[in-house]
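Atoms considered below: every heavy atom in the structure, side chains included; atoms not considered: hydrogens, waters and symmetry mates. In this text the structure is predicted, and so the values were computed from the model without any measurement. Letters A, B, ... mirror the listed sequences (proteins, then strands); counts begin at 1.
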Amino acid sequence: MSCTSDTHCITCSDEGVSMRVIELLGDGIACCAGADGAPAEVMVDLVGPVEPGDTLLVHAGGCSPNRGRGAAAAMKYVDEYRDAELGRVLAGEIVAIVEPGREYKIMEVCGGHTHTIYKYGVDDLLPANVELVHGPGCPVCVIPMGRVDDAISVAHIPGVIFTCFGDMMRVPGGSGTLLEAKARGADVRMVYSPLDALRIARENPDREVVFFAVGFETTAPSTALTLKRAKAEGTPNFSCFSNHVTIVPPLRALLESPDLRLDGFVGPGHVSTVVGARPFEFIPADYGKPVVISGFEPLDLLQSVYMVLRQLVEGRCEVENQYARVVPADGNPAALAVLEEVFELRPHFEWRGLGFISHSGLKLSAAYAELDAELRFEIPGVRVADPKACQCGEVLKGVIKPWECKVFGTACTPERPIGTCMVSSEGACAAYYNYGRFAREREVV
Amino acid sequence: MSETTTRESEALALIERVRARPAKFKDAQITMAHGAGGKATQTLVAGLFLPAFGGEALRELGDAGIVDGLALTTDSFVVKPIRFPGGSIGELAVNGTVNDLAVAGARPLALTLSFVLEEGLSAEDLRAEVEAIASAAAAAGVEIVAGDTKVVERGRCDSMYVTTTGLGRLDPRASLSTGSLKPGDKILVSGPIGEHGTAVMLARGEFELEAPVESDTRSLWPAVDALLDAAGPSLRCLRDATRGGVASALNERAQASAVAMVVREAAVPVRPPVAGACEILGIDPMYVANEGVLVAFVAPEAAADALAALASAPGCEAAAEIGEVKTDPPGMVLVETAFGGRRVMDLLVGDPLPRIC
Amino acid sequence: MCLAIPGQLLEFVDEANRLARVDVAGVVRNVNVGLLDVDGESARAGDWVLIHVGFALSKVDEEEAMATLRMLQGMGADYEAELEELKASVIE
């Protein structure tokens, strides 16, 4: 059967079309037939191995078919880094480079990385002597219970619309969650962006709209720009309850911790788009551990692990940047400038499980005090001790694995979390509970 | 096996024992999660409703109850906004109930219709929904045979709620049961997933996303009819993948039959804009609601014919075989990721999404 | 939380407030691109940007992206070559 591209170009039309593979033409091209039977050439190199008879969903936007048989369309700068075949190759390189008998413990700092590792089963591909340890980089997980109680108390003030990101809704404080506060009558709304909170404030001029700001340097510039705009346009009913934190102080605290045994770090890619690679140079310089700043797709992570191992094997120790496609060495100067203008460092800030860490939290600067919810409202500010049974602190420090915690999976589950690590999908415990169980060892028959 | 892996296995075994315990309803109040079709809903049903009402027909926990060869089911619709790309509350109210009958293997016969209307609702809005109901009922071949109307004070309901009750006759070709899955059975899905939930989410405008996504609301009886013709007694069980998405549908059936399932992520059809919206919001499309997608479990020897028949039904052109029923670990659904790893796919916990059906 | 995703800038909708329409796999949203305004430079239509909570955090550098991919694929090629050599040596 001959297969020449006919007049209708499926890959340039603007919809996903289901097509059956007729024959492979080589060079990542296959001859496919759609519902109307008309043959067409389709690029299939992004899809993985394809055989005649397979059904593909062929899509348009980027003139390429989707990433899997019948799955979603190719997303540029995303799907290339989810290629299973390259993953296997890279895993082979990792096996080849490690010294048998030597144990390697590498911490991925960022919760987003933890999520990727479990979601894609990245650690299934690593040899047994390479262990990934989950770090403290989940901003939801490190919020102390007292701050959640403060948020709930503000949310219950009559006239307040309390806005927050979805993952904060289920974080337990000492007196329940924001979701439960909503069920009791508080006006709690989920937003995708701090700008959405500002819009709600504009649309409800007779209500006080508070934004519950959480996150590392990745998220803080977005809050800062939103506050800048609120100030400029004069939205007097908008304010911000800042719980922004910075990444370097907890890392330093971790590295000072006597019970820590790590060989290297996979560094936080999205934080680094803002702060750049330089802030991490103290890790090799002062503590002799390699750092590789990593992207968030599974291939990114495998490659970063490979790069850390390579440094260890070659006896090098430096900061490398695997995620150069979005992380410039100097970070984002505009973001750093707006952070400098809108925020200032708190003398100290409490981290769940890690205790108080100096200069690790951000509050609104004097110039933005009028938008500071902590000054506008009565905030109880009561410290709540973490539940005794909960070992989130040890999990966050990578000292124990989630399943080693006494309450993991029994008293503490995603539907009834005790500790914060069980709440956010980026939390080490939730990621392990939701995705990781049965990932290895156990056969499925 | 090293000492660590042994200890890990023991910890995991303990978790599974805890997980397998009968659900207890201990919550102090109802939250949105209880209506989301995930774990909290299951706790409510298994912990409160079943102990109180649990007769044999209900215990099956199918989409419809079976009494003397007749299938009976009921469903309330509270979607906001009431109109969204691809459909409206009236159309959903017909198709949702028709589909609950269809996936029970029953040919839909008749519906009753009950309105709760908010004082101040415009007659035009009501008329539009009445027309939507009439045309959806005609398309699905069911008659509206009884009804009721209540009006509540302004602010006591969100423009309108619609409840439909459906009656169907069990099809003689069908021998479906939620507990009948056997290792080796193939899992089919009737079309691209996550369309309805995404369409409604976008229509609400809360995330300010725009995308060409429409609700997939449609009667699934033609698809079921084609499956029954092609696979008949080899068709083990069907499930309408509404709230909680395909993930919840699979988990419920895995638990009911005490079998494991393995799903190939790359085989699950997801259209690009749905995948894009899910990537942006950090949601897995497997948990997003559908209103015109069913999951079918078929004996392996009949799977190819069943898939071909399914793909010939309207709206099911992208039907796909997505996985297989296994033996162990019982009650658990696992996903083979497109990247080559493996992970657990559990019931939905909580619900970050707005009201969608 | 630190979820960020690449999208393509389509057009500005509100220059003053630095709002632009950005496309992610066919899904379009207004995104603030003010953080990309540095030294008189700013994002332009056609640029790929990394989006986080409604803000563009950085531009995606096409060359760097290609370099990373080439390195990965290069590993693949070496691996294939080694496999070929291995097979050849076995035959001999």
Chain C contact via A:Glu233 - which portion, at a heavy-atom distance below 4.5 Å: neither
Which bit of C:Val60 is near chain A, if near means a heavy-atom gap under 4.5 Å: side chain, backbone, both or neither? both
For the side chain of A:Thr116 and the backbone of A:Phe296, is there at least one donor-acceptor N/O pair under 3.5 Å apart? yes
Taking every heavy-atom pair that is under 4.5 Å apart, which of C:Ile5, C:Asp37, C:Asn17, C:Asp23 has the most such pairs with chain A? C:Asn17
Can you check whether A:Tyr120 reaches A:Glu297 side chain to side chain, under 4.5 Å on heavy atoms? yes
C:Gln8 versus chain A, heavy atoms under 4.5 Å apart: side chain, backbone, both or neither? neither
With side-chain contact (heavy atoms from CB on, under 4.5 Å) as the test, pick out the partner of A:Thr235 among A:Arg202, A:Arg229, A:Arg199. A:Arg202
Any side-chain donor near an acceptor of the partner, A:Ser294 and A:Ser304, under 3.5 Å: yes
Can you tell which of A:Cys110, A:Pro194, A:Gly112, A:Pro221 has the highest number of heavy-atom pairs within less than 4.5 Å of chain C? A:Pro194
Of all of C:Glu64, C:Glu63, C:Gln73, C:Lys59, which one pairs up most often with chain A through heavy atoms under 4.5 Å apart? C:Glu64
Within 45° cone and under 6.0 Å: C:Arg44 NZ/CZ vs C:Phe12 ring: no
Under 4.5 Å, counting heavy-atom pairs only, tell me which of A:Gly331, A:Gly269, A:Ala334, A:Cys138 racks up the most with chain C. A:Ala334
Part of C:Arg18 lying under 4.5 Å from any heavy atom of chain A: neither
Flag the one option from C:Asn32, C:Leu69, C:Val49 with the top tally of heavy-atom pairs under 4.5 Å to chain A. C:Leu69
Whether A:Glu80 side chain and A:Val78 backbone form a donor-acceptor pair below 3.5 Å: yes
Heavy-atom contact with chain C under 4.5 Å, split by part of A:Val326: both
Give, as side chain, backbone, both or neither, the part of C:Leu50 having an atom under 4.5 angstrom from any heavy atom of chain A. side chain
Between A:Val271, A:Thr273, A:Val327, the one whose heavy-atom pairs under 4.5 Å with chain C are most numerous: A:Thr273
Quick one about A:His113 and A:Tyr118 (side-chain donor to acceptor, distance below 3.5 Å, no hydrogens or angles considered), yes or no? no
If you count heavy-atom pairs under 4.5 Å with chain C, which of A:Asp300, A:Val338, A:Asp196 comes out on top? A:Asp196
Shortest non-hydrogen separation from A:Val109 to A:Pro268 and the atoms involved: CB-CD, 4.3 Å
Distance-only, no hydrogens or angles: does the A:Asn332 side chain make a donor-acceptor pair with backbone N or O of C:Leu36 under 3.5 Å? no
